[in-house]
Number of protein chains: 2
Amino acid sequence: MARRAKRGRKRPYHHGRLRQALLDASLEIIAELGVSGLSLREAARRAGVSHTAPKRHFATATDLYCAVAEDAYRRLRAHLLARLAERPAATALEAFGSLGVAYVEFAVTHPEHFRAMFHPGVGDRPASHPLEEAAGAAFAVLVEAVERAQAAGDVRSGPSKDIALGAWSLMHGLAVLAVDRQLVARGFTSGEPLALARQLTQLLYLGLRPGPS
Amino acid sequence: MARRAKRGRKRPYHHGRLRQALLDASLEIIAELGVSGLSLREAARRAGVSHTAPKRHFATATDLYCAVAEDAYRRLRAHLLARLAERPAATALEAFGSLGVAYVEFAVTHPEHFRAMFHPGVGDRPASHPLEEAAGAAFAVLVEAVERAQAAGDVRSGPSKDIALGAWSLMHGLAVLAVDRQLVARGFTSGEPLALARQLTQLLYLGLRPGPS
DNA sequence: CCTACCGATCGGTAGG
DNA sequence: CCTACCGATCGGTAGG
């Protein structure tokens, strides 16, 4: 305010643009240093603003990475829906299976988003928190796919949420192990998580199919 | 050295005892603050020594939590073997399934150990690292159980490591989701991870059983 | 949204 | 294994 003459200079992050710039910077940080390297100051630094500037958008560092995680859940949901829409002619069972592969695909192609979503402490917000709502919306995509597969007679009956949890656990486990490099450490040098995901889809098909057992 | 008169006072962590005291302190820290709260100084503080004392045992904070993780892998392996030995009369298939439940059981009863093992960056050591050897030994327990189940005709043939990975992914996914409170966040308030683990064992049994498909 | 400040914590070194 | 130090980083506040 003191020197209004400076008013004409370029201000890269006017208005609401800083928020997005901070989210972008956060992903960059997570990719380079991991979630533990994320701080308000570092994000501000990369966004080219002073370290107090983020305060108006994110009161604490936790708020920042919750926002990153929330955005990640929205992207995950969009990715899953896009994969479903890609092959609309597929059977309900194939659609269900493709969701699992798409989940792993998202994790390995966007490890920063994936790490943000499942960093310890992030999944501990009240249910009303936007982050939890975004997470719930993503999970709902899976539950609905299970119900369609059940309606088509491809998957055994029973609580759709419980069955969805089985599929989620399987693909989440694989995704986590892949992103944390546990797969290569255990000698899965073929290391193609997507191929493994497709393989595990068969386990789901057999394990969840209807009929006597 | 200056005041030898002090030599008679109690020195709680002589010789090799400091190392164990630091490991104990680390678990305490992880339980309270998470892995991100782990530092050489905080561990030293809780062990009652100066902040330079840990240096002789652990050069860096990474070395410290790698040691915690290595110890955790040994405990996990011992836990799995103990559960196997508990019911030696069980079929090879039941033994295999009980491993999955035991894995989740370990995770939820020792979340600090579990978090240490799978903290991002921990699973990134060279194969020669003791941590990786301990991790490999734990995974081997599962692979061997798969092979026994295959030999008994309870599980379909094929690379035992790939099949073990399926079981691992499934139970690891459930364990991670439980420990990170994702289960309760998704409305699994029944929230009994062990019951869910037993349920998912059925998915494994069906998905991995031999025969035409 | 910025420039000073502050107190706290961390890893690291010197020297004993 | 300890007591001083150090430089760096972080979150936070004052004041504009």
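All heavy atoms count here, side chains included; hydrogens, waters and symmetry mates do not.
Remark: Arg181(B) engages no residue in a side chain to side chain donor-acceptor pair (under 3.5 Å) (not counting sequence neighbours). Residues that satisfy the side-chain contact (heavy atoms from CB on, under 4.5 Å) test with Ala195(B), not counting sequence neighbours, are Glu192(B). Partners of Arg198(A) under the salt bridge (Lys or Arg N to Asp or Glu O under 4.0 Å) rule, at least two apart in sequence or in another chain, do not exist in this structure. For Glu94(A), there are no salt bridge (Lys or Arg N to Asp or Glu O under 4.0 Å) partners two or more places apart in sequence or in a different chain. In this structure Arg87(A) satisfies the side chain to side chain donor-acceptor pair (under 3.5 Å) test with no other residue, sequence neighbours excluded.
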Show which side-chain atoms of residues 99-123 of chain A pair as donor or acceptor with protein atoms under 3.5 Å away, not counting sequence neighbours.
| from | atom 1 | to | atom 2 | distance (Å) |
| --- | --- | --- | --- | --- |
| Tyr103(A) | OH | Trp168(A) | NE1 | 3.0 |
| Tyr103(A) | OH | His172(A) | ND1 | 2.8 |
| Glu105(A) | OE1 | His79(A) | NE2 | 3.2 |
| Glu105(A) | OE1 | Arg83(A) | NE | 2.9 |
| Glu105(A) | OE1 | Arg83(A) | NH2 | 3.3 |
| Glu105(A) | OE2 | Arg83(A) | NH2 | 2.7 |
| Thr109(A) | OG1 | Glu105(A) | O | 2.7 |
| Thr109(A) | OG1 | Phe106(A) | O | 3.4 |
| Arg115(A) | NH2 | Val179(A) | O | 3.1 |

In residues 131-149 of chain B, what donor-acceptor pairs under 3.5 Å come from side-chain atoms, sequence neighbours left out?
| from | atom 1 | to | atom 2 | distance (Å) |
| --- | --- | --- | --- | --- |
| Glu132(B) | OE1 | Arg186(A) | NH2 | 2.8 |
| Glu147(B) | OE2 | Ser160(B) | OG | 2.7 |

Notebook entry, point to check: When every nucleotide of nucleotides 9-14 of chain C is labelled 5' to 3' by its protein contacts under 4.0 Å (heavy atoms), B for base, S for sugar-phosphate only, - for none, what sequence of letters results?
Noted result: -BBBB-

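Consecutive Watson-Crick or G-U pairs involving DNA chain D, each under 3.5 Å on both distances, make up stems of three or more pairs at C:1-16 with D:1-16.
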